[in-house]
Amino acid sequence: MSFLAGLNDAQRRAVDHHEGPLLVVAGAGSGKTRALTHRIAHLIGEHGADPAQILAVTFTNKAAREMKERLELLLAQRLAQSQYGQPWSTLPPVEQRQLRSRIYREVTKELWIGTFHALFARMLRYDIDKFKDSEGLTWTKQFSIYDEADAQSLVKEIVTQELQLDPKRFEPKKTRWAISNAKNQGWLPDQLEANAEGQRGKLTADVYRRYRKALAANNALDFDDLLLLPVQLLQQNEQVRSYWHRRFAHVLVDEYQDTNRTQYELIKLLVTDGKDPQVYNNWAGRSVFVVGDADQSIYSFRAADFTILMGFQDDFGDQQSDEATRTMVKLEENYRSTATILEAANALIANNSERIDKVLRPTRGEGELISLTRCDDEIAEAEAVVHRLRMMEAANPELTWGDMACLYRTNAQSRALEESLVRWRIPYVVVGGLRFYDRREIKDVLGYLRLLINPADTVSLLRVINVPKRGIGKTTIQRLTDAANQLGIPLWDVVSDPEAVRSLGGRSAKGLLQFCELINGLREQLHNTTPSDLIQQVMERSGYVSELITEGTDEAEERRRNLQELVNAGLQYQEENDEGDLEGFLASAALASDADSKDTAADRVTLMTLHSSKGLEFPVVCLVGLEQGLFPSYRSLDDPASLEEERRLCYVGITRAKERLFLSHASERRLWGGMREPAVPSVFLSELPEALVQGEIPRSGGAAIRREQRLDRLTRVDRDQPSSAPANAVRRRQAGPAPGKRWSVGDRVLHSSFGEGEVTHTFGSGEKVSIAVKFAGMGPKILDPRLAPIEPIDR
DNA sequence: TAGCACCGGGTTTTT
DNA sequence: CCCGGTGCTA
């Protein structure tokens with residue numbers, strides 16, 4: 001059995017690629033996950049690659065888990081063939097299990113598969129003590145990972161306590177965001193200060209400096225640090241870098257369009273050992289393999305930058321034309337959706353100027369028309385959607401609730417849908433919103449665990465010191481904190497000193513001593529028991545569970561169930577990770593998303609945001625709330641670049657659907673509780689070809705004109721009578737430069753809506769050249785010079 | 001120190 | 001509407 005069997009040409013080229021760099025441009029539903037898993041199997045099975053030398057980056061933990069599972073099955077199937085000479089499916093379950101566990105021990109356990117954050121958190125647990133900070137800050141292997149809420153409370157404390165600023169004027173949330181942005185650019189406080197404007201910018205840099213110090217004092221890292229520290233470490237320490245470079249001979253990155261600069265730096269450092277990719281040539285037994293689709297880049301708010309994907313050929317490529325290149329493969333055949341759905345998606349995305357031409361070619365039949373419904377308000381919309389789902393479920397015996405999904409722009413939109421689903425007793429699951437690990441009781445127990453491992457973690461200490469109640473109040477805590485600050489030691493060192501407690505604790509001394517005893521007692525267990533057992537012990541010995549039992553309310557009961565679920569999560573972690581320790585469990589908890597913990601196999605309708613739907617597919621998809629200001633979001637309406645991102649998001653939503661797609665919008669929407677707001681239909685609706693849609697497409701003036709201009713770019717496929725194909729379509733005006741114009745970096749252009757800009761990159765060659773242009777006040781734009789309304793400016 | 005009542009503000013999207 | 005934060009009282 002070959003891992004190349006059953007693949008199309010392009011997929012085979014991708015999977016078979018052995019050494020050197022390869023960019024796989026993979027449209028939605030083109031089998032990229034398949035290409036990735038088969039490639040890993042092929043590397044191990046055919047090229048004899050050592051599993052421990054493979055690093056595979058996925059976008060979610062769930063994707064990582066699924067990839068491991070698929071890989072395990074793939075390799076076990078092959079082993080079945082070579083060991084027993086018979087197909088997998090004919091083996092008795094006992095032997096199937098044996099083979100799988102052997103594959104686990106020898107292969108999947110050794111692989112490093114996960115998100116950037118999870119993988120590099122893991123790397124830091126090996127090497128963080130070798131990190132030399134420019135400001136002398138230090139961390140140890142026992143570091144805590146702070147989530148957004150922890151990070152924000154730290155910032156808030158700095159703003160209000162240390163700097164005594166008014167949190168209304170100097171919002172912690174915005175400040176935290178600014179710091180995160182700086183980190184994602186790879187900036188330290190000095191660089192932020194240098195780039196800052198005005199008093200406010202200087203102050204932000206000051207908060208950033210103090211925030212880093214506070215993190216180090218807590219021996220904690222935030223999400224951004226999990227990427228930034230490894231970059232700095234690999235840059236500064238040749239030995240460490242060379243170790244990881246040799247270790248990971250094969251690097252694979254999925255969803256490459258959503259990597260940011262820091263992540264890109266990491267990839268480069270690992271792959272080329274810090275050398276310039278353009279001159280690096282030591283590819284014997286090594287490869288870098290990235291997969292992505294610029295049209296599905298939807299995380300720029302998190303500093304993702306799809307020009308990185310577009311620049312891959314420049315950095316790593318062989319500098320050949322698209323036709324001749326051996327460092328790029330395009331997967332354009334779509335195996336997921338009906339031709340109708342794909343055509344709609346192609347038509348929509350053609351309205352973006354920032355892209356490189358790529359078409360999804362259907363392999364399936366035409367399918368049903370897309371349905372479009374206008375409703376009075378969000379309640380009527382929910383009812384209409386649920387009605388549709390019920391009709392479909394009743395009429396199609398092969399269709400189950402689990403085949404259906406409702407996608408929306410914002411989490412808040414789930415409520416109306418949930419109410420309707422409850423009314424009709426339809427099982428559903430909401431993905432996103434409040435994470436399991438963000439629940440209060442879960443964070444409390446995890447707080448204990450973090451404190452056990454990392455005594456310097458004052459944020460966690462403060463979280464649990466009086467939970468459940470031990471009579472340790474605000475004044476006591478303030479006194480202890482002051483003492484710790486004066487001595488420059490962690491709060492725990494004060495709390496755990498009986499002398500200090502007796503002199504400072506006052507009436508709380510008893511509670512404090514009790515608390516210390518509890519923590520010290522638990523800490524003794526730390527190294528001779530499992531994570532799940534420790535969770536159980538914390539729950540019981542802290543009195544947390546008994547307090548919940550005493551409370552006796554429904555809510556307390558719910559919390560107790562959640563805690564039981566946490567024990568199960570611990571058990572599951574131990575099962576999946578042979579040598580899994582508490583540090584590893586806490587890291588996985590900190591980095592888990594809600595989607596990771598949701599069981600999608602159950603027969604329930606799935607409700608989630610468009611962002612969470614990336615990478616998934618459903619036979620039936622309902623896309624709701626297609627209204628100006630909601631989708632596209634109001635923050636994108638006056639910014640062309642963000643509007644294009646919203647359009648990509650819509651493209652992602654549409655391409656999730658395999659068979660049927662329902663679109664809806666409401667003419668009125670209630671914001672929160674109170675007043676109704678009239679709503680205008682989304683511009684995206686007017687960009688869909690009429691012939692594909694059942695129901696009236698609302699046309700707004702400007703958008704309709706743009707659509708006319710774009711129609712000639714649509715590729716129509718497999719349709720006998722493309723009624724909307726414009727025989728007399730307006731040809732694009734020849735505003736562009738002469739077709740033969742050769743662009744080079746530094747050229748200046750005038751764009752009809754973005755104004756004047758400068759060419760910063762060129763991509764591709766020959767006829768298929770694209771350029772990146774930096775316009776004032778926005779990120780770089782990728783333009784097709786043959787199509788974009790630009791003119792060269794002579795200098 | 002803890003519990004309760006009241007107020008005000010917030011909606012993109014997430015590792 | 002729902003959360004968290006604040007301030008008052010026992």
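Numbered from 1 within each chain, the chains take letters A, B, ... in sequence-line order.
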By nearest atom, which of the nucleotides [options] is closest to the [X] side chain?
{"X": "A/K173", "options": "B/dT1, B/dG10, B/dG3", "result": "B/dG10"}
{"X": "A/F301", "options": "B/dA2, B/dT13, B/dT1", "result": "B/dT13"}
{"X": "A/T609", "options": "B/dT1, B/dA2, B/dT13", "result": "B/dT13"}
{"X": "A/H611", "options": "B/dG3, B/dT13, B/dT15", "result": "B/dT13"}

Under 4.0 Å from OP1 or OP2 of [N]: is there any side-chain N or O of [X] that close?
{"X": "A/N466", "N": "B/dA2", "result": "yes"}
{"X": "A/S593", "N": "B/dT14", "result": "no"}
{"X": "A/T475", "N": "B/dT1", "result": "yes"}
{"X": "A/S633", "N": "B/dT13", "result": "no"}
{"X": "A/S612", "N": "B/dT13", "result": "no"}
{"X": "A/N411", "N": "B/dT13", "result": "yes"}

To the nearest angstrom, how far is [X] atom [atom1] from [N] atom [atom2]?
{"X": "A/Y299", "N": "B/dT15", "atom1": "OH", "atom2": "P", "result": "6 Å"}
{"X": "A/Y437", "N": "B/dT15", "atom1": "OH", "atom2": "P", "result": "13 Å"}
{"X": "A/K156", "N": "B/dG9", "atom1": "NZ", "atom2": "P", "result": "14 Å"}
{"X": "A/R635", "N": "B/dT11", "atom1": "CZ", "atom2": "C1'", "result": "9 Å"}
{"X": "A/R479", "N": "B/dT1", "atom1": "CZ", "atom2": "C1'", "result": "12 Å"}
{"X": "A/Q152", "N": "B/dT15", "atom1": "CD", "atom2": "P", "result": "16 Å"}
{"X": "A/K474", "N": "C/dG5", "atom1": "NZ", "atom2": "P", "result": "12 Å"}
{"X": "A/R470", "N": "B/dT1", "atom1": "CZ", "atom2": "P", "result": "15 Å"}

Check: A/S300/A/E645 side-chain N/O donor and acceptor closer than 3.5 Å: yes
What do you reckon, is [atom1] of [X] surrounded by more than 12 foreign heavy atoms closer than 6.0 Å?
{"X": "A/W187", "atom1": "CH2", "answer": "yes"}
{"X": "A/K141", "atom1": "NZ", "answer": "yes"}
{"X": "A/E517", "atom1": "CD", "answer": "no"}

First encountered from the 5' end of DNA chain B, between A/A592 and A/G473: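 Nearest-nucleotide comparison on DNA chain B picks A/G473.
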Base, sugar-phosphate or nothing for [X]? Non-hydrogen atoms, less than 4.0 Å.
{"X": "A/S636", "value": "nothing"}
{"X": "A/E148", "value": "base"}
{"X": "A/T60", "value": "nothing"}
{"X": "A/F631", "value": "nothing"}

Sequence-distant partners of A/E558, side chain to side chain donor-acceptor pair (under 3.5 Å), two or more places apart: A/R561
Any residue meeting side chain to side chain donor-acceptor pair (under 3.5 Å) with A/S667, in chain and number order, not counting sequence neighbours: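 By the side chain to side chain donor-acceptor pair (under 3.5 Å) rule, A/S667 matches no residue at all.
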